[in-house]
Protein chains: 2
Amino acid sequence: MNIAEQLDKINRQLTAKGYKLTPQREMTLEVLLENEKDHLSAEEVFMLVRQRFPEIGLATVYRTLELLAELSIVQKMNFGDGVARFDLRMDGQAHMHHHLICKVCGALEEIKDDWLTDLEQRLAREYGFQVTDHRLDFTGVYQTCRNNNEPCKRTGKAVS
Amino acid sequence: MNIAEQLDKINRQLTAKGYKLTPQREMTLEVLLENEKDHLSAEEVFMLVRQRFPEIGLATVYRTLELLAELSIVQKMNFGDGVARFDLRMDGQAHMHHHLICKVCGALEEIKDDWLTDLEQRLAREYGFQVTDHRLDFTGVYQTCRNNNEPCKRTGKAVS
DNA sequence: ATGTTTGCAAATTATTTGCAGCAAA
DNA sequence: TTTGCTGCAAATAATTTGCAAACAT
C-alpha cells in the first residue's frame with residue numbers, strides 16, 4: 001500500500017467520524033508515513049511538516065497527533081526521555097511492535113513479530129483479563145556495541 | 001526482609017557509591033517501602049514524605065528519586081499520563097514486574113512472574129542483543145469490568 | 001577546608017488552552 | 001450560519017537548575 005492509498009484510507013476513517021482531512025492534517029500524516037520507522041516527537045513532526053507547510057502552528061500538530069491517537073491511527077508512546085513519541089499504526093493492528101533499546105549506541109530497533117499471543121491467552125485464562133494492547137521494550141546492549149566499549153554517541157552515557 | 005533491614009541495605013549501597021543517607025532520603029525511602037505496591041509520582045511521594053518531614057522541598061524529592069533511579073534502587077516509569085512514576089526494585093532484580101492496566105476501572109495490577117526469559121535468549125541468539133532489562137505492560141479489560149460496562153471511576157473515560 | 005546536600009525561587013520544557021478569524025458543510 | 005479547524009499567544013504542569021546556607025567528613 002503506497003502513501004496515497006494510505007492517506008486515502010485514513011481520510012475515510014476521519015470522515016467516518018466526522019473529521020476533515022485538512023491540508024495541515026494531510027501534511028502531518030505524510031510526514032508520519034514517510035518516517036514510519038522512526039518514533040518522532042511532536043516537535044520533530046512539527047519541524048518536518050513545517051518544511052512543506054511553513055504556516056503550520058505547533059499547537060495544530062499537537063492537536064492533530066492527539067486526534068490521530070484518539071482514533072488509534074497513531075500510537076502515542078513514552079520512552080522515558082520526557083517527550084511523547086508517535087508511531088503510525090497501519091491496518092488497525094491490534095498490537096504494537098516491540099523495541100530493542102541499546103544502551104551503548106542508543107539505537108531503537110523495531111521487532112515486528114508478535115511474541116505474546118501465548119501470554120495473552122494465559123492472562124485471559126488465569127487472570128480473567130482480556131488484552132487489547134501491549135507494550136514490550138527490551139533494554140540492553142548489542143554484542144557489537146559491547147565490543148567497542150565506548151559511551152553512547154547520542155547521550156554520552158557510559159555503558160552500565 | 002523488614003523495612004529497617006531494607007533501609008540498611010540501601011544505606012550500604014549509597015555509602016558504597018559515596019552518597020549519604022540523609023534524613024530526607026531516609027524518609028523518602030520509607031515512603032517508597034511502605035507503598036511498594038503503588039506506583040507513586042514524585043508529587044505523591046513529596047506529599048507523603050511531607051507528612052513526617054514538613055521541611056522537605058519538592059526539588060529534594062525529585063533529586064532523591066533521580067539518584068535512586070541512577071543507582072537502580074528505584075525504577076522510573078511512564079504510563080503515558082504525563083507523570084513519571086517510581087517503584088522500588090528490591091534485591092537488585094534484573095527485571096521489572098509486568099503490568100495489567102484495565103481500561104475500565106483503571107486498576108494497575110502487578111504480575112511478578114518473569115515470562116520473558118525465553119524471548120530474551122532468543123534475542124541474544126537471533127539479534128545479538130543482550131537484554132539487561134525489559135518492560136511489559138498489557139492494556140485491556142477485566143472480564144468483571146466488562147460486565148458492568150461503565151466508564152472508569154478515575155479517568156471518566158468510557159470503555160473502548 | 002572541602003565537598004555534599006538542602007530549600008527556595010526562578011528557569012526550562014513539553015503540552016494545553018483561550019480566542020478571534022477563517023473555511024467548509 | 002453553524003460548526004470545525006487554525007495560528008498565535010498565554011497558561012499550565014512537570015521537572016530542573018542556580019544559589020547561598022547548612023551539614024558532614
Side-chain angles (χ1 to χ4, degrees), chain A residues 10-29 31 39-71 73-86 155-156, chain B residues 10-29 31 39-71 73-86 155-156:
Chain A
I10 294 171
N11 187 6
R12 272 177 271 124
Q13 291 182 258
L14 286 172
T15 342
K17 299 262 182 177
Y19 299 108
K20 299 166 209 165
L21 185 59
T22 64
Q24 290 88 333
R25 286 174 182 170
E26 188 170 338
M27 297 297 144
T28 305
L29 279 162
V31 162
H39 300 75
L40 300 173
S41 66
E43 195 82 30
E44 285 165 345
V45 172
F46 173 58
M47 296 202 301
L48 287 168
V49 175
R50 214 188 211 176
Q51 291 174 11
R52 60 188 77 180
F53 197 108
E55 321 87 291
I56 200 168
L58 177 56
T60 302
V61 172
Y62 270 103
R63 281 185 285 228
T64 300
L65 291 171
E66 167 127 7
L67 172 65
L68 295 173
E70 198 85 22
L71 301 181
I73 293 168
V74 307
Q75 178 82 37
K76 187 175 180 181
M77 278 167 299
N78 246 297
F79 292 104
D81 57 349
V83 239
R85 300 188 168 273
F86 299 84
T155 63
Chain B
I10 294 170
N11 187 7
R12 273 177 270 126
Q13 291 182 258
L14 286 170
T15 341
K17 300 260 184 181
Y19 298 108
K20 299 165 211 166
L21 185 59
T22 63
Q24 289 89 332
R25 287 174 182 168
E26 188 170 337
M27 297 298 145
T28 304
L29 278 163
V31 162
H39 301 75
L40 301 174
S41 67
E43 196 81 29
E44 285 165 346
V45 172
F46 173 58
M47 296 202 301
L48 287 168
V49 175
R50 214 188 211 176
Q51 291 175 9
R52 60 188 77 179
F53 197 107
E55 320 86 293
I56 200 168
L58 177 56
T60 302
V61 172
Y62 271 104
R63 282 185 286 228
T64 301
L65 291 171
E66 166 128 7
L67 172 66
L68 295 172
E70 197 86 21
L71 300 181
I73 293 168
V74 307
Q75 179 81 36
K76 187 175 180 181
M77 278 168 299
N78 246 295
F79 292 104
D81 58 348
V83 238
R85 300 188 168 274
F86 299 84
T155 64

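Throughout, protein chains are lettered first and strands after them, A, B, ... in sequence-line order, and every chain is numbered starting at 1.
The side chain of B:Lys76 sits closest to D:dT16 out of D:dT16, D:dT25, C:dT6.
Rounded to an integer number of Å, the gap from B:Glu55 CD to C:dC8 C1' is 14 Å. In this structure, A:Leu58 atom CG and C:dA14 atom C1' are separated by 9 Å, rounded to whole Å.
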Enumerate donor-acceptor pairs with a distance under 3.5 Å from any side-chain N or O in residues 52-68 of chain B to protein atoms, sequence neighbours excluded.
unit_1	atom_1	unit_2	atom_2	d
B:Arg52	NH1	B:Glu30	OE1	3.0
B:Arg52	NH1	B:Glu34	OE2	3.3
B:Arg52	NH2	B:Glu34	OE1	3.0
B:Thr64	OG1	B:Thr60	O	2.8

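Nearest-nucleotide positions on DNA chain C place B:Pro23 closer to the 5' end than the other of B:Pro23 and A:Asp81.
For A:Arg63 against D:dG4, no side-chain N or O and base N or O form a donor-acceptor pair under 3.5 Å.
B:Arg25 contributes a side-chain N or O that, together with a main-chain N or O of B:Lys20, makes up a donor-acceptor pair within less than 3.5 Å. Between the side chain of B:Arg85 and the backbone N or O of B:Asn78 there is no donor-acceptor pair closer than 3.5 Å.
The side chain of B:Thr22 places no N or O atom within less than 4.0 Å of a non-bridging phosphate oxygen (OP1 or OP2) of C:dT4. For the OP1/OP2 pair of D:dT15 and a distance below 4.0 Å, the side-chain nitrogens and oxygens of B:Tyr62 include at least one atom meeting the criterion.
Sparse packing is recorded around OH of B:Tyr19, with 12 or fewer heavy atoms of other residues, nucleotides or ligands lying under 6.0 Å away.
Among the heavy atoms of the strands, none lies under 4.0 Å from A:Glu43. Here B:Arg25 lies in heavy-atom contact (under 4.0 Å) with sugar-phosphate atoms only.
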